[in-house]
Novice: 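What follows is a single structure, and I will ask about it in a moment.
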Amino acid sequence: QVQLVESGGGLVQAGGSLRLSCAASGRTFSRNVMAWFRQAPGKEREFVSAISWIGNTYYADSVKGRFTISRDKAKNTVYLQMNSLKPEDTAVYYCAADKSSGVRLAVMERYYDYWGQGIQVTVSS
């Protein structure tokens with residue numbers, strides 16, 4: 001059974017930093033794209049960032065220059081370093097993985113097959 005488990009969320013003041021982790025189990029994702037999405041209260045879930053197995057990355061404009069996605073293939077884990085956090089970054093953050101091997105950095109949810117349960121990030125002003 002494939003599981004993606006997020007950790008590292010919490011409450012932080014504006015301007016602060018958090019690092020989210022997503023640990024995968026049940027299969028390896030060493031040749032798969034992994035991504036982060038988020039959903040703010042009353043809004044639809046939106047793309048945040050994605051990373052391919054060869055290290056290509058892509059970011060939403062709203063987080064570019066502040067967030068950094070990375071992965072440790074040996075640990076089957078993907079990370080999201082979030083700096084200069086703003087109140088508008090407050091959301092539930094979800095980890096996602098594409099079950100097919102490849103380098104397509106998709107921004108649409110339907111391209112991802114596995115999802116974590118989500119973790120809350122709250123940025124206070």
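The structure displayed is predicted, hence computed values, not measured ones.
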Novice: Less than 4.5 Å apart, any side-chain heavy atom of Val107 and any of Tyr58?
Specialist: yes
Novice: What's the spacing between Asp98 CG and Ser52 OG if we round to 0.5 Å?
Specialist: 11.0 Å
Novice: Shared ILVMFWY cluster between Ile54 and Ile69, side chains joined below 4.5 angstrom?
Specialist: no
Novice: Between CD of Gln117 and SG of Cys95, what distance do you get to the nearest 0.5 Å?
Specialist: 9.5 Å
Novice: Could you state whether Val92 and Trp36 fall into the same hydrophobic cluster, counting links through intermediate Ile, Leu, Val, Met, Phe, Trp or Tyr residues with side-chain heavy atoms under 4.5 angstrom apart?
Specialist: no
Novice: Gln39 side chain to Glu44 main-chain N or O, any donor-acceptor pair under 3.5 Å?
Specialist: no
Novice: Can a side-chain donor-acceptor contact be found between Asn83 and Ser17 if the only test is distance below 3.5 angstrom?
Specialist: yes
Novice: Would the distance check show the side chain of Arg66 and the main-chain N or O of Ser84 forming a donor-acceptor pair, the cut-off being under 3.5 Å?
Specialist: yes
Novice: Any chain of hydrophobic side-chain contacts (each under 4.5 Å) joining Phe67 to Val12?
Specialist: yes
Novice: Give the cluster check for Val78 versus Leu18: same hydrophobic cluster or not, with ILVMFWY residues linked at side-chain heavy-atom distances below 4.5 Å.
Specialist: yes
Novice: Sequence neighbours excluded, which residues qualify as ring pair (Phe, Tyr, Trp, His ring centres under 6.0 Å) partners of Tyr59?
Specialist: none
Novice: I'd like to know if the side chain of Gln3 reaches the main chain of Gly26, judged simply by a donor and an acceptor atom lying under 3.5 Å from each other, with no hydrogens or angles considered.
Specialist: no
Novice: Please indicate whether Arg31 has more than 12 foreign heavy atoms, meaning atoms of other residues, nucleotides or ligands, lying under 6.0 Å from its CZ.
Specialist: no
Novice: Using modelled atom types and a 3.5 Å cut-off, is there a donor and acceptor pairing between side-chain atoms of Thr77 and backbone atoms of Lys75?
Specialist: yes
Novice: How far apart are the closest heavy atoms of Ser125 and Ala14, and which atoms are they?
Specialist: CA-CB, 4.3 Å
Novice: Might you point out which heavy atoms bring Ala50 and Ala106 nearest each other, and give the distance in Å?
Specialist: CB-O, 4.5 Å
Novice: Has the side chain of Asn32 got a donor or acceptor atom that lies under 3.5 Å from a matching backbone atom of Lys99?
Specialist: yes
Novice: Can you tell me how far apart CD (Gln13) and OG (Ser124) are? Round to the nearest 0.5 Å.
Specialist: 5.0 Å
Novice: Are Met34 and Val2 linked, directly or through intermediate hydrophobic residues, by side-chain heavy-atom contacts shorter than 4.5 Å (ILVMFWY only)?
Specialist: yes
Novice: Within the 4.5 Å heavy-atom criterion, are Glu109 and Phe47 side-chain neighbours or not?
Specialist: no
Novice: What heavy-atom pair brings Ala24 and Leu4 nearest, and what distance separates the two atoms?
Specialist: CB-CD2, 3.5 Å
Novice: With a 4.0 Å cut-off on N to O distance, would you call Asp61 and Lys64 a salt bridge?
Specialist: yes
Novice: Around atom OH of Tyr114, are there more than 12 heavy atoms from other residues, nucleotides or ligands closer than 6.0 Å?
Specialist: yes
Novice: Which heavy atom in Val33 sits nearest to a heavy atom in Gly102, and how many Å separate them?
Specialist: CG2-O, 3.6 Å
Novice: Report yes or no: does Asp89 contribute a side-chain atom to a donor-acceptor pair with the main-chain N or O of Lys86 at less than 3.5 Å?
Specialist: yes
Novice: Where is the tightest heavy-atom contact between Phe29 and Ala97, given as atom of each residue plus distance?
Specialist: CE2-CB, 3.5 Å
Novice: Could you tell me if the side chain of Leu105 sits less than 4.5 Å from the side chain of Asn56, heavy atoms only?
Specialist: yes
Novice: For Tyr94, is the NZ or CZ atom of Arg38 found under 6.0 angstrom from the centre of its six-membered ring and inside 45 degrees of the ring axis?
Specialist: no
Novice: Which heavy atom of Trp53 sits nearest a heavy atom of Ser30, and at what distance?
Specialist: CB-O, 2.9 Å
Novice: Please determine if Arg110 forms a cation-pi arrangement with Tyr112, meaning its NZ or CZ atom is less than 6.0 Å from the six-membered ring centre and no more than 45° off the ring axis.
Specialist: no
Novice: Please round to the nearest 0.5 Å and tell me the distance separating atom OH of Tyr79 and atom CG of Leu20.
Specialist: 12.0 Å
Novice: Please tell me whether Gln120 and Thr122 have a donor and an acceptor in their side chains that are separated by less than 3.5 angstrom.
Specialist: yes
